[in-house]
Amino acid sequence: MRINVLQHTPTEGPGAIADWSRDHGHEMYVYHPYQFGVLPTAESTDLLVILGGPMNPYDSDKWIAAERQLIQQLLAAHKPMFGACFGAQQIALTAGANVKAAPHKEVGWAPVYRQSDVIPGIPEQLTALHWHQDMFELPAGATLLFSSDLVTNQGYLLGDNVLGLQFHFEPEADNVREMAVNDYQYPLDNNDLHQTGEEIMAHGVPAENKQIIYRLFDFIANNQD
């Protein structure tokens with residue numbers, strides 16, 4: 001399987017997703033459209049990963065609209081997709097839902113709560129890394145998967161193989177440090193979780209988060225045509 005990854009900032013890479021790909025014998029290709037303007041084709045994509053970033057889906061950059069054209073093609077072809085943060089917003093907007101400012105800016109570690117049993121083996125509560133101030137509305141027909149104490153719409157499953165999460169399960173310890181030391185100012189302004197970059201790094205990544213990434217990707221990968 002060819003896993004095509006769309007990365008939107010140097011500090012938010014695939015993390016544990018790369019481990020899942022490697023452990024399953026897949027080939028991963030990472031694209032940086034914000035820098036090079038290059039995207040994969042739908043034909044070359046078996047599974048698309050759309051990562052986070054500081055941009056907004058409504059921004060005018062041509063590559064952002066081009067990403068949604070690719071997402072639309074993959075939706076029509078029933079190919080699996082995973083979106084994190086900005087990526088989840090891109091999928092939701094393509095599927096006809098709105099993206100808007102969240103009622104709270106969440107930056108740091110906080111619990112998320114399972115809202116559906118549609119994906120087997122997901123605990124009722126997990127601790128995720130949040131790094132956002134916008135949110136998606138649920139696309140028509142999507143299942144709400146996760147909520148947090150501050151923001152209801154934290155995750156969705158669209159159909160049986162398209163998954164969007166507003167938060168992050170994919171970062172490993174080195175990835176969290178990379179985010180915090182480079183984007184350390186982001187947590188300081190109106191952050192409703194009241195965590196600094198130093199506190200975020202000191203928290204550590206829960207061991208089960210990588211296991212959950214594997215479970216989520218196993219689910220969407222096994223529900224392709």
Side-chain angles (χ1 to χ4, degrees), residues 5-18 30 32-35 49-59 61 64 82-93 98-115 123 125-137 145-156 163-213 216:
V5 176
L6 308 184
Q7 184 171 337
H8 304 108
T9 180
T11 58
E12 295 188 35
I17 299 170
V30 179
H32 297 262
Y34 67 96
Q35 182 172 1
V49 176
I50 313 152
L51 295 173
M55 60 288 299
N56 185 289
Y58 293 110
D59 290 345
D61 305 74
I64 294 178
F82 173 86
C85 201
F86 170 75
Q89 296 168 9
Q90 279 279 71
I91 296 172
L93 188 61
N98 292 321
V99 174
K100 60 184 181 182
H104 300 275
K105 178 181 177 180
E106 296 176 301
V107 187
W109 297 97
V112 292
Y113 308 97
R114 189 193 69 218
Q115 301 298 315
Q125 180 176 330
L126 292 156
T127 300
L129 179 63
H130 302 259
W131 207 272
H132 72 97
Q133 57 193 26
D134 293 327
M135 59 171 280
F136 48 75
E137 294 182 347
L145 291 182
F146 296 101
S147 297
S148 71
D149 291 316
L150 298 178
V151 178
T152 299
N153 292 343
Q154 289 283 358
Y156 61 82
L163 179 63
L165 302 179
Q166 186 57 67
F167 52 85
H168 300 272
F169 279 145
E170 75 280 1
E172 300 187 280
D174 288 346
N175 308 126
V176 174
R177 287 189 284 268
E178 186 177 13
M179 293 172 72
V181 299
N182 287 285
D183 203 12
Y184 67 93
Q185 291 183 326
Y186 188 61
L188 301 179
D189 182 28
N190 299 319
N191 176 12
D192 290 296
L193 296 180
H194 308 294
Q195 296 174 29
T196 65
E198 290 293 334
E199 290 169 331
I200 292 167
M201 288 188 287
H203 180 280
V205 178
E208 63 266 28
N209 285 14
K210 184 171 183 175
Q211 299 170 9
I212 296 303
I213 278 291
L216 296 175

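Keep in mind the model is a prediction, meaning the values are calculated, not measured. No hydrogens, no waters, no symmetry mates; every other heavy atom, side chains included, goes into these values.
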Output yes when a side-chain donor or acceptor of [X] lies under 3.5 Å from a complementary backbone atom of [Y], and no otherwise.
X	Y	answer
Gln7	Thr9	yes
Asn56	Tyr58	yes
Ser147	Thr152	yes
Glu199	Thr196	yes
Asp192	Lys105	yes
Asn191	Leu188	no

Please round to the nearest 0.5 Å and tell me the distance separating atom [atom1] of [X] and atom [atom2] of [Y].
X	Y	atom1	atom2	value
Phe82	Leu51	CZ	CG	8.0 Å
Glu178	Met201	CD	CE	12.0 Å
Gln154	Gln166	CD	CD	6.0 Å
Ile17	Lys210	CD1	NZ	11.5 Å
Leu129	Phe169	CG	CZ	10.5 Å
Leu126	Asn209	CG	CG	6.5 Å

Taking the side chain as every heavy atom from C-beta outward, state whether [X] and [Y] have any atom pair closer than 4.5 Å.
X	Y	answer
Val151	Pro103	yes
Leu165	Val112	no
Trp131	Pro187	yes
Val205	Pro171	no
Ile64	Gln90	yes
Asp134	Phe86	no
Pro10	Tyr34	yes

> In terms of ring plane angle, is the pair Trp109 and His203 parallel, tilted or perpendicular, where the classes change at 30° and 60°?
Replying inline: parallel
> Can you say whether the rings of His132 and His130 are parallel (under 30°), tilted (30 to 60°) or perpendicular (over 60°)?
Replying inline: tilted
>> Pair Gln133, Tyr186 - check side chain to side chain contact (heavy atoms under 4.5 Å, CB included), show working.
In response: CA-CA 10 Å; Gln133 57 193 26; Tyr186 188 61; 3.4 Å; yes
Restricting to non-hydrogen atoms, name the atom on [X] and the atom on [Y] that form the minimum distance, rounded to 0.1 Å.
X	Y	result
Ser148	Pro111	CB-O, 3.7 Å
Ala92	Tyr156	N-OH, 3.3 Å
Pro33	His8	CG-CD2, 4.2 Å
Ala180	Gly197	CB-O, 3.9 Å
Leu150	Glu106	CB-OE2, 3.6 Å
Gln195	Gly108	OE1-CA, 3.2 Å

> Near Tyr184 OH, under 6.0 Å, is it more than 12 heavy atoms from other residues, nucleotides or ligands?
Replying inline: no
> Could you go step by step and tell me if Glu208 and Thr127 meet the side chain to side chain contact (heavy atoms under 4.5 Å, CB included) rule?
Replying inline: CA-CA 9 Å; Glu208 63 266 28; Thr127 300; 5.6 Å; no
>> I'd like to know whether Val107 forms a side chain to side chain contact (heavy atoms under 4.5 Å, CB included) with Asp189, so could you lay out the CA-CA distance, the side-chain angles of the two residues, the decisive distance to 0.1 Å, and finally the verdict.
In response: CA-CA 10 Å; Val107 187; Asp189 182 28; over 6 Å; no
> Taking it one step at a time, do Gln125 and Arg114 satisfy side chain to side chain contact (heavy atoms under 4.5 Å, CB included)?
Replying inline: CA-CA 6 Å; Gln125 180 176 330; Arg114 189 193 69 218; over 6 Å; no
